[in-house]
A.B. asks: 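The structure is given below, and queries will be raised subsequently.
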2 protein chains.
Amino acid sequence: MRPIDDVTPAALRKRPGWLIGQTSVHHHRLLTAALGAANARPYHYRVLASLQEFGSGSQVEVGRHAGLDRSDVVATIDELVDRGLVERTADPIDRRRNIISITPAGRAQFRRLDKVLANVQDELLSPLSPKQREQLTRLLSRVLEYHTDALSER
Amino acid sequence: MRPIDDVTPAALRKRPGWLIGQTSVHHHRLLTAALGAANARPYHYRVLASLQEFGSGSQVEVGRHAGLDRSDVVATIDELVDRGLVERTADPIDRRRNIISITPAGRAQFRRLDKVLANVQDELLSPLSPKQREQLTRLLSRVLEYHTDALSER
DNA sequence: TGGTATCGTTGGACATACCAACGATTCTCC
DNA sequence: GGAGAATCGTTGGTATGTCCAACGATACCA
């Protein structure tokens with residue numbers, strides 16, 4: 001088998017954007033396969049993680065925490081309600097809003113999925129030492145914060 | 001505006017997979033906007049870059065260089081042929097195959113898009129110093145090579 | 001009370017990644 | 001020389017993630 005260097009053009013290989021994109025594809029494959037075994041998909045984890053950390057909130061708030069479009073929040077919450085992992089109730093104070101809460105079953109599923117995520121990170125970063133993982137995380141965090149702040153300040 | 005630390009759950013923020021995925025989303029936005037202005041999209045650049053570096057080849061070879069599924073190669077080459085950027089001819093030696101070649105107009109478009117890609121990398125990584133960009137590139141390359149080799153050795 | 005903003009929903013569009021099945025062609029082995 | 005396996009390219013999808021517009025209901029403010 002030829003090494004990757006002989007297959008991918010340098011015009012791509014030298015580009016961090018390409019490296020990030022392709023690594024993301026591999027990560028998504030690992031994540032989707034692992035979550036699929038637990039009858040979940042990435043959006044479920046994102047919503048459950050948001051509710052677990054920030055507590056109950058409106059759909060807009062949950063979407064902001066989870067980084068999801070409002071319409072995708074609706075669809076994801078529909079699926080989680082169907083599985084008894086979250087509850088959707090009307091806000092008595094403001095009837096425009098729903099209040100989304102995690103259920104005990106949702107907390108249990110979050111704990112299960114959290115382990116899955118930890119395993120997937122280990123597998124994704126297995127060629128790196130702990131120090132290199134820290135370095136990668138720090139550099140990516142800085143890039144992501146820069147772009148996230150730039151977006152929300154428009 | 002609240003800093004990102006107050007918005008995203010730690011369960012996501014601490015995960016390199018999440019950082020890579022979200023950074024990739026930002027990269028894709030920048031890239032698609034910039035390429036769109038040049039009437040191109042990411043698959044076009046991948047195919048042109050492969051032909052520019054490796055020369056003419058079959059669709060399977062082009063797909064392997066560009067990291068594209070065979071059916072996506074067909075669609076992308078269709079678009080590039082329509083725009084006069086590549087040529088598709090039958091292989092006289094093996095009538096199962098087509099030979100894909102870049103045209104002079106394709107080379108010119110590749111040079112134009114290559115500048116676009118360079119600008120997008122600069123914008124994507126603007127919060128990092130040159131040394132940090134090298135570090136990020138090295139770490140990501142190692143991770144990507146590991147997973148690409150693992151995939152092709154199955 | 002009218003105008004603006006917010007919330008949630010519905011109904012999409014689009015790009016990327018990926019897969020199965022098929023017909024035409026090539027190659028190998030008996 | 002022919003059967004079987006493999007390759008090539010194409011067609012026709014599916015799944016997922018990201019993103020957007022428009023609408024009705026509701027809340028708030030001047």
A.B. asks: If the cut-off is 4.0 Å, is H28(B) near the phosphate of dT16(C), judged by side-chain N/O to OP1 or OP2?
C.D. replies: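 Looking at the OP1 and OP2 atoms of dT16(C), one of them is under 4.0 Å from a side-chain N or O of H28(B).
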A.B. asks: From CG of L68(A) over to C1' of dC7(C), roughly how many Å is that when rounded to an integer?
C.D. replies: 16 Å
A.B. asks: May I ask you to say whether R15(A) pairs ionically with D114(B), meaning some side-chain N is under 4.0 Å from a carboxylate O?
C.D. replies: yes
A.B. asks: How does protein contact run along nucleotides 22-30 of chain D, one letter per nucleotide 5' to 3', with B for base contact, S for sugar-phosphate only, - for none, heavy atoms under 4.0 Å?
C.D. replies: B---BS---
A.B. asks: Can you tell me how far P of dA17(C) sits from CG of L31(A), to the nearest Å?
C.D. replies: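 After rounding, the reported distance stands at 16 Å.
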A.B. asks: So which of V25(B), L30(B), T23(B), L31(B) actually passes side chain to side chain contact (heavy atoms under 4.5 Å, CB included) with H27(B)?
C.D. replies: L31(B)
A.B. asks: May I have the step-by-step check of side-chain contact (heavy atoms from CB on, under 4.5 Å) for E79(B) and H44(B), ending in yes or no?
C.D. replies: CA-CA 8 Å; E79(B) 291 167 17; H44(B) 296 156; 2.5 Å; yes
A.B. asks: Between Q59(A) and R70(A), does the side-chain contact (heavy atoms from CB on, under 4.5 Å) criterion hold? Intermediate values first, please.
C.D. replies: CA-CA 7 Å; Q59(A) 291 182 200; R70(A) 298 196 314 271; over 6 Å; no
A.B. asks: Just how far is it from atom CD of E145(B) to atom CZ of R13(A), taken to the nearest 0.5 Å?
C.D. replies: 8.5 Å
A.B. asks: Check the surroundings of atom CD in E87(B): do more than 12 heavy atoms from other residues, nucleotides or ligands lie under 6.0 Å from it?
C.D. replies: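 No - once you tally the heavy atoms of other residues, nucleotides and ligands closer than 6.0 Å, there are 12 at most.
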A.B. asks: When you get a sec, tell me which of dA17(C), dC19(D), dG8(C) is the closest nucleotide to the side chain of S71(A)?
C.D. replies: dC19(D)
A.B. asks: Contact list please: residues 74-82 of chain A against DNA chain C, heavy atoms, distance less than 4.0 Å, in numerical order.
C.D. replies: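 Only V74(A) qualify.
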A.B. asks: Does dG9(D) have OP1 or OP2 sitting under 4.0 Å from an N or O in the side chain of R88(B)?
C.D. replies: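 Checking R88(B) against dG9(D): no side-chain N or O falls below 4.0 Å of OP1 or OP2.
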A.B. asks: State whether R29(B) places a side-chain N or O below 4.0 Å from either non-bridging phosphate oxygen (OP1 or OP2) of dG17(D).
C.D. replies: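 Answer no for this pair, as no side-chain N or O of R29(B) is under 4.0 Å from OP1 or OP2.
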A.B. asks: Closest nucleotide of DNA chain C for S58(A) versus for Q22(A): which of these residues is on the 5' side?
C.D. replies: S58(A)
A.B. asks: Please confirm whether the shortest side-chain N or O distance from R46(A) to OP1 or OP2 of dT18(D) is below 4.0 Å.
C.D. replies: yes
A.B. asks: Can you check the I99(B) CD1 to dT7(D) C1' distance for me, whole Å?
C.D. replies: 14 Å
A.B. asks: Return yes if the base of dC20(D) and the side-chain atoms of D69(A) contain a donor-acceptor N/O pair under 3.5 Å, otherwise no.
C.D. replies: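 Donor-acceptor pair under 3.5 Å: yes.
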A.B. asks: For L30(A) and dA17(C), what is the distance between atoms CG and P respectively, to the nearest whole Å?
C.D. replies: 15 Å
A.B. asks: Is it true that R88(A) and D78(A) have a side-chain N and a carboxylate O under 4.0 angstrom from each other?
C.D. replies: yes
A.B. asks: According to a strict under-4.0 Å criterion, is R97(B) in side-chain N/O contact with OP1 or OP2 of dA24(C)?
C.D. replies: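 For dA24(C), neither OP1 nor OP2 has a side-chain N or O of R97(B) closer than 4.0 Å.
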A.B. asks: Check this for me: does the side-chain of D72(B) come within 3.5 Å of the base of dC18(C) through a donor and an acceptor?
C.D. replies: yes
A.B. asks: Find out if a path of hydrophobic residues (ILVMFWY) with successive side-chain heavy-atom gaps under 4.5 Å connects V81(A) to I99(A).
C.D. replies: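 Not linked; separate clusters.
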A.B. asks: So which atom in Y45(A) and which in L12(B) form the shortest heavy-atom distance, rounded to 0.1 Å?
C.D. replies: CE2-CD2, 3.7 Å
A.B. asks: Let me know the distance between NE2 of H27(A) and C1' of dG17(D), rounded to the nearest Å.
C.D. replies: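 So the NE2-C1' distance, H27(A) to dG17(D), works out to 14 Å.
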A.B. asks: Could you tell me whether V25(B) contacts a base, only the sugar-phosphate backbone, or nothing, with contacts defined as non-hydrogen atoms closer than 4.0 Å?
C.D. replies: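 The residue V25(B) makes sugar-phosphate contact but no base contact.
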A.B. asks: Quick one: which of dT10(D), dC20(D), dG17(D) gets closest to the side chain of R41(A)?
C.D. replies: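 Nearest to the side chain of R41(A) among the choices is dG17(D).
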A.B. asks: Rounded to whole Å, please give me the gap between NE2 in H147(B) and C1' in dA17(C).
C.D. replies: 18 Å
A.B. asks: Expressed as a whole number of angstroms, how long is the span from N98(B):CG to dT25(C):P?
C.D. replies: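 N98(B) atom CG is separated from dT25(C) atom P by 12 Å.
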A.B. asks: How many whole angstroms separate atom CG of D91(B) from atom C1' of dA24(C)?
C.D. replies: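 About 14 Å, once rounded to whole Å.
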A.B. asks: Is the number of heavy atoms from other residues, nucleotides or ligands under 6.0 Å of R142(A) CZ greater than 12?
C.D. replies: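 12 or below, so no.
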A.B. asks: If you compare every side-chain N and O of Q59(B) against the phosphate oxygens of dT7(D) (OP1, OP2), does one of them come in below 4.0 Å?
C.D. replies: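 For dT7(D), OP1/OP2 do not have a side-chain N/O of Q59(B) under 4.0 Å.
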